[in-house]
Number of protein chains: 2
Amino acid sequence: MGRAERKRPATLRTIAQSAGVDISTVSRVLNGSPEDAARAASRETADAIREWAARLDYRPNPHAKSLRTQRSNLVGVLVPRLSDVVLATIYEGIEDAAAGHGLATFVMNSHDRPAEQRARTELALSRRVDGLILGDAHHDGEFTGELAERRVPFVLVSRHAGEHPSVTCDDYLGGRLVAEHFLELGHRRAGVIAGEPFASTGIDRTAGFADRYRAEGLEVATVHSGFDTAGGHRAAERLLTETGPTAIFAVNDFAAIGALGAVRDAGLRPGIDVAVAGFNDTPLAAELPVPLTSVRSPMHEMGRRALELLITVLNGQSPESERLAPELFVRASTAR
Amino acid sequence: MGRAERKRPATLRTIAQSAGVDISTVSRVLNGSPEDAARAASRETADAIREWAARLDYRPNPHAKSLRTQRSNLVGVLVPRLSDVVLATIYEGIEDAAAGHGLATFVMNSHDRPAEQRARTELALSRRVDGLILGDAHHDGEFTGELAERRVPFVLVSRHAGEHPSVTCDDYLGGRLVAEHFLELGHRRAGVIAGEPFASTGIDRTAGFADRYRAEGLEVATVHSGFDTAGGHRAAERLLTETGPTAIFAVNDFAAIGALGAVRDAGLRPGIDVAVAGFNDTPLAAELPVPLTSVRSPMHEMGRRALELLITVLNGQSPESERLAPELFVRASTAR
DNA sequence: CTGAAAGCGCTTACAG
DNA sequence: CTGAAAGCGCTTACAG
C-alpha cells in the first residue's frame, strides 16, 4: 500500500567515496567551469568521476548550491493575470530564455492591484530571487520607484514606467499604424477603446492613434475600459451611441471582440458599416467569424528579451530599454 | 552609477546576537510550531525575539531550510501550453491553493510532447520538488506509469490516465448534456470535433455525447483535431462537406469558435442553420458576436482540488480521484 | 593536480 | 525554559 521510501539522491560525497577522491575535486569536475574542471583533475580522474556521477544519477542539490553561493538562479515574474493569453505568451518567452541560461522562473498574478503587487513581490524576495520581471507596472511609477530605491534588481516587460529598464512593443507606433489604415479607408470619425488608464500600453497606443488623427485636424473620441471582452463591449456601446464613429480602435484584441459584438448588437455590420481593429494579434484574431484586423506585438520575443535584459541588470549594468516593432495585419473587420 | 550593494538579510544568528539568546531558541520561536515556540522561551524572551525579527526584517532563508529538512515546499506543474486559457486558469487555481499551504509552485510547458514531458519532469525533480501536478497526461499512461514506478509523488489534473489520482471535470457527463440539448432541439444528424486522441478530456466528452445519441439509435460523425481555433475550423469543414450535420459539438471552445467560422464560410448561419456548442465556457464564449453554447468546467476549482489532492499524496495516502460537475450554458449558437 | 577546512543558514535530537 | 552541537550538500580560498 503506502509508497515505498524514495532513495536519497546521490551527493558529491557519495561520488567522492565511490571514485576515491576528495569531494572538492568532484565538485570542481562536475559543477565547476570547464577550466576549473581541467585544472582540478587528470583526464582519467575526471572521467572516472563523471562515470560515477552518471551511474548514480547525480544531480546537484540546488538548495545547497544557493545557500553556499548566495545566488538562487531564480527569477520571479509578476503579471496582472496569467489567464490573459498576452501575458501567458510573454511568460512563455521568459521561460524559454531562462531555461537557456540555467535560470528557473516562477510567475504570480497581481490582478493589477498595488497591494497584491507588493505582497507578491515580498513573497518573491523572501524566496530569494536574484531578480524580478514585472509585467504589471503601473504608469504612475510608485511601486517601481520603491523597488528601485531598495536596489531590487528588476526589469519591466510589456509596460514601461519611469526610467526603469523595460522591453515593450512600440505601442505608440502601433497606434499610429491603425490610424493611418483608418484614414486611408476614409474614416474621419473614429473612436478609441483605450484600456486601463494606468497601463502604458493603452496610453501609448491611444496617443499614437490620436496624434495621427490630430495631424489631420481630427479629434477622436476616447473611452477607457478593462482589457477584456465585456469591457470592450460596454465601451463600444457608449462610443456608438454618443459619437457614432465609423471606425473603432480597441487597444486590445479582447476588447475588440467585445466591440465586434456591440457593433452587431447595434444592427451594424462589422467591417462594412463600422471598422474595428484590435491589438496584439492573438491567435484568435485571424480565426474569428469576422477576422479581426490587429497590430501584432512580438509577445514571445518581448519575454525573451526581458529575461536577457534582466541578466545584464544582474551583472550590474544599466541597460537601455528596448522597443520592439509592431506590425499591422489587415483583415475583414476593416475590409471596406 | 552602479547599483549599491544590497545589504545582507538578517539571519537567525543576527537576531540571536541582538536578543542575547541562542540561535536555536530564535529558530523555535520564529519558525517552529506554536507549541514549540511556547516551550522554547518565556513570554518575554519570545516577544523580544519577535520584536528583533520585525525590526531587522527577518525572513527565513528557504534554501537553508530546504537543505536541512529535505523538503522544498515546491510543487512542479506541467501543462501542454500556458497560453491556453484553460490550463492557465487551472494553474491559477493551483497557485491559489498552494499559497494557502505555504507551498510555492512553478509551471512548465510540455507542448504535449512526450520528450518534453520527460525533460521538464527531470528538471523539476532536479529542483527537488516535493511533488508534481500534471495537466498534460496522455491517455496511454506510459509516462505516468514510469513516474509511479519511480515513486515520484504526483497527481493529474484536467485529464486522467490509468488509476493515478486525478481531479477532472466529469467530461462524460458534460458530453451527454450537450447531446441531450441537441436532441431536445430535434437535431438527429450531429457531428463531434473530438480534439486530440490522447487526451481523456476529448475522449470522455465525445463518448458521453455519442453514447447518448446511440441510445436513440443514432450514430454521430467524429473528427479529431487540435484544441485550437484553426483545428476546429478544418474539422468543421470536413464534417460539413462529408456528413452535413445540423449540430456540431466541439470538445473545446476554441475549436468551437473555429467551427463557427467554418459554418459561416459555408454560407450557413450558426445557431440557425447549424447549431454549435463548445466546452469549458471560457470567458470569451458568452461575449462572441454569436454567443456560444458551452459546458462550463470548474477550471479554477479543479486546480485548487488538485493541489489539495497532492498534499494528501505527500502525506503518504492514496486518495480517491475526483470528478467535478459540469454545467451547460445555452446561448445563441444553439438557439433554434 | 589534489585535499582539508570553513561556512552558507537553517533544524533538531540531546542534555541540562 | 535554554543552549551547544551536528549536519543538510554544496563552493572556494588556502595550502601543498
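Throughout, protein chains are lettered first and strands after them, A, B, ... in sequence-line order, and every chain is numbered starting at 1.
- Two residues are said to be in side-chain contact when any heavy atoms from C-beta on lie closer than 4.5 Å; B:Thr168 and B:Arg159 fail this criterion.
- Within the 4.5 Å cutoff, side-chain heavy atoms of A:Met302 are placed close to those of A:Cys169.
- Between the side chains of A:His101 and A:Asn73, no donor N or O sits under 3.5 Å from an acceptor N or O.
- Counted by atom type alone, A:Tyr58 and A:Thr14 present zero donor-acceptor pairs between their side chains at under 3.5 Å.
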Show your working on side chain to side chain donor-acceptor pair (under 3.5 Å) between B:Gln117 and B:Asp136 and close with a plain yes or no.
CA-CA 8 Å; B:Gln117 293 176 324; B:Asp136 63 346; 3.2 Å; yes

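- The closest side-chain heavy-atom distance from A:Val21 to A:Val26 is below 4.5 Å.
- Looking only at side-chain heavy atoms (C-beta outward), B:Leu87 and B:Pro80 come within less than 4.5 Å of each other.
- Consecutive Watson-Crick or G-U pairing (both distances under 3.5 Å) extending over three or more pairs maps onto DNA chain D as C:1-3 with D:14-16, C:5-12 with D:5-12, C:14-16 with D:1-3.
- A:Ser27 and A:Ser24 form no side-chain donor-acceptor contact under 3.5 Å, judged by distance and modelled atom types alone.
- Contact of the B:Arg150 side chain with the B:Leu125 side chain is registered, since non-hydrogen atoms from C-beta on lie closer than 4.5 Å.
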Return a single string for nucleotides 5-12 of chain C, one symbol per nucleotide in 5' to 3' order, where B is base contact, S is sugar-phosphate-only contact and - is none, cutoff 4.0 angstrom on heavy atoms.
-BBBBBBB

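- B:Ala41 comes within 4.0 angstrom of sugar-phosphate atoms only, judged by non-hydrogen atoms across all strands, and of no base.
- One N or O on the side chain of B:Ser200 and one on the backbone of B:His160 form a donor-acceptor pair closer than 3.5 Å.
- Remark: B:Ser42, B:Thr45 in residues 42-57 of chain B come within less than 4.0 Å of DNA chain D through at least one heavy atom.
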